[in-house]
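The next block holds one structure in the form of structure tokens; read it before the comments.
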Amino acid sequence: MRTLLVALALTVSTGALAQAPAAAPSSPATAERGERWAWELDAYAGYGQIAWPMPDQTNMTWSNGGPAFALSVAFRGEHFTHPFVDVSYVPIYSSGQYVNTFTGGAKTTTFASNSSYALGLVVGPGFDIDWFRLRLGLGIFDTFVKTNVAGESNTITQLGIGFLVGASALLWQPDPFALGIEGRLVALQLPLTGIYQTMWSVGLTGRWDFARSK
């Protein structure tokens, strides 16, 4: 909780910097322009899966990751940093394998599948350098682990702290939009162990300035 409070304080301070008055204008043209700001809505879609620690795949018949999605809102001011809030769907891992079950002393081989993903709410600062963007975030993630054995399903959920690192290149910027590619790395606390597992994803990102100064 202390770590999350530190992240919130960092985000608030970043927002204060973004909205702080600009330095005194050096010319009449600059004075007329005034401070420039924008509220933006971002959308991200890609593919990803667990990077570490990778599950044992010895007896698996198939395994893969899944789609990754995120929506975020950010405020950009004169400062090159900006605060953001991000809501995301993080794919972790899906797999299937044949397992042995015992009913009444009799051994039966049946198929079992499992899937895991997380829903996250993250806040943090972002950094814009021309077309390159870096974001660092800290937040809460709800991890879901679903298993299905012989038609019987079971779901376990676990809340935990997670970290987000995102880097994007906004290669095409038709005003007031911007499009590009983005890579994400998310570290989630593994349920009940305190060990962190790391997921990667790569995909497309888009930005829309839905409100801004004239």
Side-chain angles (χ1 to χ4, degrees), residues 7-8 10-20 22 33-52 64-94 116-143 161-188 196-214:
L8 287 170
L10 179 60
T11 303
V12 171
S13 63
T14 303
L17 284 173
Q19 300 182 60
R33 186 176 69 242
E35 182 183 359
R36 297 167 59 184
W37 57 267
W39 283 97
E40 68 173 63
L41 177 66
D42 303 312
Y44 167 78
Y47 174 88
Q49 67 173 33
I50 190 170
W52 184 90
N64 54 43
F69 304 102
L71 288 174
S72 62
V73 177
F75 177 83
R76 302 196 319 274
E78 293 286 353
H79 201 266
F80 76 98
T81 63
H82 62 269
F84 73 92
V85 178
D86 184 274
V87 178
S88 61
Y89 173 92
V90 181
I92 300 177
Y93 199 65
S94 298
S116 55
Y117 62 91
L119 301 176
L121 175 62
V122 170
V123 296
F127 308 88
D128 288 325
I129 304 175
D130 197 11
W131 50 266
F132 177 75
R133 165 171 287 183
L134 176 67
R135 281 182 171 176
L136 307 174
L138 174 66
I140 298 175
F141 287 82
D142 197 3
T143 303
I161 299 296
F163 301 90
L164 166 68
V165 178
S168 60
L170 301 174
L171 304 176
W172 187 41
Q173 302 188 33
D175 191 55
F177 302 97
L179 299 173
I181 57 176
E182 181 174 347
R184 288 185 163 215
L185 197 65
V186 175
L188 302 180
Y196 280 85
Q197 57 185 7
T198 305
M199 273 66 60
W200 63 266
S201 66
V202 177
L204 300 177
T205 186
R207 184 185 79 196
W208 170 42
D209 290 350
F210 62 89
R212 61 182 178 179
S213 58
K214 299 291 185 178

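Not counting sequence neighbours, Asp142 has no partner by the salt bridge (charged side-chain N to carboxylate O under 4.0 Å, His left out) test. Under the side-chain contact (heavy atoms from CB on, under 4.5 Å) criterion, Asn64 pairs with Tyr47, Trp62, Ser94, sequence neighbours left out. Every residue two or more places apart in sequence or in another chain was checked for a salt bridge (charged side-chain N to carboxylate O under 4.0 Å, His left out) with Asp130, and none qualifies.
None of Arg76, Arg135, Arg207 except one satisfies the salt bridge (Lys or Arg N to Asp or Glu O under 4.0 Å) rule with Asp42; the exception is Arg135.
Side-chain contact between Leu121 and Val85 is present, with heavy atoms from C-beta onward closer than 4.5 Å.
Across all non-hydrogen atoms, the minimal contact from Ala51 to Trp200 is CB-CD1, 3.6 Å. Of all heavy-atom pairs spanning Glu40 and Asp209, the tightest one is CB-OD1, 3.5 Å. The shortest heavy-atom contact between Asp86 and Arg184 is OD2-NH2, 2.7 Å. Summarising the geometry of Leu179 relative to Gly206, their closest heavy-atom pair is CD2-CA, 3.8 Å, with the distance given to 0.1 Å. Residues Leu138 and Gly162 approach most closely at CD1-O, 3.3 Å, considering heavy atoms. In terms of heavy-atom proximity, Pro125 sits nearest to Phe84 at O-CE2, 3.4 Å.
Using a 30° and 60° split on the angle between ring planes, Tyr89 and Phe69 fall in the tilted class, from 30° to 60°. In this pair, Phe163 and Tyr196 present their aromatic rings tilted. The plane angle is within the 30 to 60° band.
In summary, the side chains of Tyr44 and Ser201 do present a donor paired with an acceptor at a separation below 3.5 Å, with no hydrogens or angles considered. Arg133 and Thr205 share no donor-acceptor pair across their side chains, judged by distance under 3.5 Å alone.
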#### Entry: Check against side-chain contact (heavy atoms from CB on, under 4.5 Å), Leu185 and Thr198
CA-CA 7 Å; Leu185 197 65; Thr198 305; 3.5 Å; yes
### Query
Does the pair Leu188 and Ile92 meet the rule for a side-chain contact (heavy atoms from CB on, under 4.5 Å), with working shown?
CA-CA 10 Å; Leu188 302 180; Ile92 300 177; 4.1 Å; yes
### Task
Any chance you could lay out the side-chain contact (heavy atoms from CB on, under 4.5 Å) test for Ile181 and Leu204, step after step, and finish with the verdict?
CA-CA 5 Å; Ile181 57 176; Leu204 300 177; 4.1 Å; yes
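Separation of atoms OG (Ser213) and CH2 (Trp39) is listed at 13.0 Å; rounding is to 0.5 Å. Atom CH2 in Trp172 sits 12.5 Å away from atom CG in Leu170 (nearest 0.5 Å).
When atom types are taken as modelled, the side chain of Glu78 and the backbone of Arg36 share a donor-acceptor pair closer than 3.5 angstrom.
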